[in-house]
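One structure is given here, and the rest of the page talks about it.
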Amino acid sequence: MKKVRVRFAPSPTGPLHIGGVRTALFNYLFARQHGGDMLLRIEDTDSARFVAGAEEYIVESLNWLGIAIDEGVGAKSQGKHAPYRQSERKAIYRKYVDQLLQAGLAYIAFDTPAELDGKRVEIANFQYDASTRGLMSNSLTLASENVNSRIRNGEQYVVRIKIEPNQEITVHDLIRGEVLVNSSVIDDKVLFKSSDELPTYHLANVVDDYLMEISHVIRGEEWLPSAPLHVLLYQYLGWMDVMPQFAHLPLLLKPDGNGKLSKRDGDRLGFPVFPMNWKDPKTGETSFGYREAGYFPEAMVNFLALLGWNSGTELEIFSMQELIDQFSLDRVSKSGAKFDYEKGKWFNHQYLQSKSNQEIATIFQKILLEKEINADATKLIKIVSLVKERANFVNELWAQSSFFFQQPTEYDAKTIQKRWKPETPVQLTELIDVLFDINNFSAENTETIVKEWITAKDYNLGGVMNAFRLSLVGEPKGPHIFDIIEVLGKEDTIKRLRKAIEIIG
RNA sequence: GGUCCAUUCGUCUAUCGGUUAGGACGCCAGGUUUUCAUCCUGGAAAGAGGGGUUCGACUCCCCUAUGGACUACCA
């Protein structure tokens, strides 16, 4: 059996979309599972749409997510089929264009974009194919001398594939089964343009997959309609025996409504659709990314893997290695998946809980430093352990724990109304004395002593505790009170009680 | 308009002819808790419609409907 070799072949026209990330991931999982190679090829045959920095963005994104490239752009060593940017492979394609031309399977066409537009207006549902090519300016209708002189005179032309009408073309798709298409519905696609001496996607893609010995083409469903054309190209080029197998992945859809997930949906609904932040070099506009939103790459990978694939078990948490072991194209679903951002948060929550407090504290520390808070490492780990289960992201930790670092400056009015009774100041003043006499300020010890005091005085437990909490936190939230004061320490705790009594009165 | 693909709870999905149609996210309720959150337990919630095939269809076939993708000298 042929060695498994797959490729992820994005176009550097902007930041990598989250759907593209999933395509890359599925390719990677498939390659790894079969001990094969994962290639990254840059499809930059459209010189007009090139965007600076896009390629670097793609490589960095895959790198962040742990999708390793074995060969091609972004790989440690280039590999034997270099170069892997189509713009750098110009010289290679010409040969195959000539081969098709000589075999009479393609032809030269001079029709200008304006002329084509004219035809589209003139003829409803105009398609450049067997039924219309006789009406156009091409090497099929023009005398060969005419064609040659036009080319000699520098006139721009394209090479089109000459599709034989009424042929049944079968695409064997690993996910969808057999897809049958009649060749009459496919137009004579442009394979090559003289303007920049580059092939179009269709030809470049087939030639490169052939030369790079690709065994499986795993790509988005938007390519399914052009798959028959690609099969035809393999036929015309005489490569049917080594044609890769195809698998067309279902699309990622908008969370609401219908249609393919787009950047606009993210802006509109407030979630990222890109793996990392991206600053558009032309407009200067910044798009938000998952990395900067605080997602762990493992959570992202897990989340994406389950959009369109499932293990067949009821498990949902998978490490990259587990995904590699269990992935199967058989279990990829056929229909598009609406993007559920809420579920993504849940995945990150799961991964956050599974991380060590030490690891989370390290990340959290950076956030604190930005706020010019320099927290003691041991204390920070303790704080993380107290609040991490309440958060989905590390960057939510601040909202859950800011009171550990800053004394409250104001107190929630509703809570004052509900919890601050006339007897409260007296009780809290007594509490200060009780706490002052405690030397071992462990949560366990303070809890025992404070509760004994409350019982002895016959105070209402909730009454004292809620006011105590308000004094420490400023709001009716947070972990167990005695855990809080253990971190705060005696001095700070008493200070906060005094301040609350003074301010609230 | 044409071609192709798809269609199970709101969402992601399991089911490969016989199940009380399962799980997860979200939602609701209850419990735990001195608060909020977490957590635990429970609940509501689905086979687009119509024909076949079959002893029996969510599952196989056909039609309809709906949705999507594609339809460029873009990828």
Side-chain angles (χ1 to χ4, degrees), chain A residues 9-13 43-46 48-49 86 109 111-113 116-117 120 124-125 127-128 156-160 171 173 175-176 179-182 184-187 189-196 198-202 204-205 219-228 248 250-251 253-260 303 306-317 330-331 333-347 349 353 387-391 400 412 415 418-419 451 454 460-470 473 475-482:
Chain A
S11 184
T13 52
E43 309 228 328
D44 53 354
T45 51
D46 184 359
R49 292 216 305 161
Q86 292 183 330
D111 317 87
T112 63
L116 290 168
D117 284 343
R120 290 190 188 103
N125 296 325
Q127 177 169 286
Y128 209 124
Q156 298 295 311
Y157 64 91
V158 298
V159 175
R160 288 182 179 271
V171 178
D173 186 281
I175 295 169
R176 286 149 218 284
V179 178
L180 245 73
V181 176
N182 190 291
S184 297
V185 305
I186 307 174
D187 63 333
K189 279 269 179 304
V190 171
L191 300 180
F192 183 86
K193 45 216 154 83
S194 69
S195 58
D196 56 6
L198 277 167
T200 61
Y201 167 80
H202 302 289
N205 158 290
R219 82 235 287 196
E221 192 187 333
E222 68 268 28
W223 295 109
L224 192 53
S226 51
H248 290 93
L251 261 21
L253 273 20
K254 301 175 189 302
D256 59 343
N258 302 304
K260 206 155 66 154
F303 175 38
L306 266 77
L307 243 29
W309 174 84
N310 76 85
S311 71
T313 68
E314 286 180 353
L315 297 176
E316 296 204 281
I317 301 298
D330 299 340
R331 297 206 63 86
S333 53
K334 297 182 175 74
S335 48
K338 284 189 184 174
F339 192 77
D340 182 4
Y341 189 65
E342 289 303 318
K343 186 108 185 203
K345 290 192 210 166
W346 176 80
F347 273 107
H349 182 258
Q353 303 322 310
V387 299
K388 74 166 175 181
E389 66 184 20
R390 319 161 83 89
Q400 297 296 341
D412 183 65
T415 312
K418 195 173 164 192
R419 307 288 193 190
K451 282 188 171 168
I454 290 173
N460 176 280
L461 181 70
V464 176
M465 296 306 280
N466 283 304
F468 191 11
R469 174 178 298 281
L470 183 65
V473 180
E475 290 174 79
K477 69 167 195 186
H480 193 57
I481 286 184
F482 298 100

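Just so it is clear: chains get the letters A, B, ... in the order the sequence lines come, proteins before strands, and each one is counted from 1. These numbers were taken from a predicted model, which means no experiment stands behind them.
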query: Of all the nucleotides listed (B:rC5, B:rG22, B:rU15), which has the minimum atom distance to the side chain of A:Arg176?
result: B:rC5
query: What does A:Thr415 touch in the nucleic acid at a heavy-atom separation under 4.0 angstrom: a base, only the sugar-phosphate, or nothing?
result: nothing
query: In Watson-Crick or G-U wobble terms, both distances under 3.5 Å, what is the partner of B:rA46?
result: none
Taking N or O atoms only and anything under 3.5 Å, show me the protein contacts with nucleotides 48-50 of chain B, one pair per line.
none

message: With rounding to the closest Å, how many angstrom separate the C1' atoms on B:rG51 and B:rC12?
response: 32 Å
- request: Consider the side chain of A:Pro225, meaning its heavy atoms from C-beta on, and name the nucleotide among B:rU7, B:rA37, B:rC70 that approaches it most closely.
  value: B:rC70
- prompt: Across all strands shown, which nucleotide pairs with B:rA6 by Watson-Crick or G-U wobble geometry, both distances under 3.5 Å?
  reply: B:rU66
What nitrogen or oxygen pairs link the protein and nucleotides 72-74 of chain B at under 3.5 Å?
unit_1	atom_1	unit_2	atom_2	d
B:rC73	OP2	A:Arg160	NH2	3.2
B:rC73	N4	A:Asp111	O	3.0
B:rC74	O2'	A:Asp46	OD2	2.9
B:rC74	O2'	A:Arg49	NE	3.2
B:rC74	O2'	A:Arg49	NH2	3.3
B:rC74	O2	A:Arg49	NH2	3.1

- prompt: Relative to the ring of A:Trp223, is the ring of A:Tyr201 parallel (under 30°), tilted (30 to 60°) or perpendicular (over 60°)?
  reply: parallel
message: Tell me the interatomic distance from A:Lys338, atom NZ, to B:rU13, atom P, rounded to whole angstroms.
response: 11 Å
Worked check of side-chain hydrogen bond (donor to acceptor under 3.5 Å, both in side chains) between A:Ser333 and A:Ser335: CA-CA 6 Å; A:Ser333 53; A:Ser335 48; 5.1 Å; no
Could you list the protein-to-nucleotides 59-67 of chain B atom pairs, N/O on both sides, closer than 3.5 Å?
unit_1	atom_1	unit_2	atom_2	d
B:rG67	O3'	A:Asn258	ND2	3.4

query: Can you list the residues that meet the side-chain hydrogen bond (donor to acceptor under 3.5 Å, both in side chains) rule with A:Thr415, with sequence neighbours excluded?
result: A:Asp412
- line: The Watson-Crick or G-U wobble partner of B:rG1, with both key distances under 3.5 Å, is B:rU71
- prompt: Taking atom C1' of B:rG26 as reference, at what distance in whole Å does atom CZ of A:Phe347 sit?
  reply: 14 Å
Closest-nucleotide ordering on RNA chain B, the 5'-leading residue of A:Glu475 and A:Asn310: A:Asn310
- request: Select from A:Asp340 and A:Leu224 the residue whose nearest nucleotide in RNA chain B is closer to the 5' end of that strand.
  value: A:Leu224
message: For A:Lys260, give me all partners under side-chain hydrogen bond (donor to acceptor under 3.5 Å, both in side chains), at least two apart in sequence or on another chain.
response: none
- request: Take the protein atom CD of A:Glu222 and the nucleotide atom P of B:rA75, then report the distance between them rounded to whole Å.
  value: 13 Å
- prompt: If we call it a pair only when both distances are under 3.5 Å in a Watson-Crick or G-U wobble match, what pairs with B:rU20?
  reply: none
message: Rounding to an integer number of Å, can you tell me how far A:Lys343 NZ sits from B:rC27 P?
response: 13 Å
message: Applying the Watson-Crick and G-U wobble criteria at under 3.5 Å, what pairs with B:rG30? Answer none if nothing qualifies.
response: B:rC40
message: Counting only side-chain heavy atoms from C-beta out, which of B:rC12, B:rA75, B:rC39 sits nearest to A:His349?
response: B:rC39
Show me the protein contacts with nucleotides 30-34 of chain B, counting only N or O atoms at under 3.5 Å.
unit_1	atom_1	unit_2	atom_2	d
B:rU34	O2'	A:Asn466	OD1	2.9
B:rU34	O2'	A:Asn466	ND2	2.8
B:rU34	O4	A:His480	ND1	2.7

- request: Can you establish whether the number of heavy atoms outside A:Lys477 located under 6.0 Å from its atom NZ is more than 12?
  value: yes
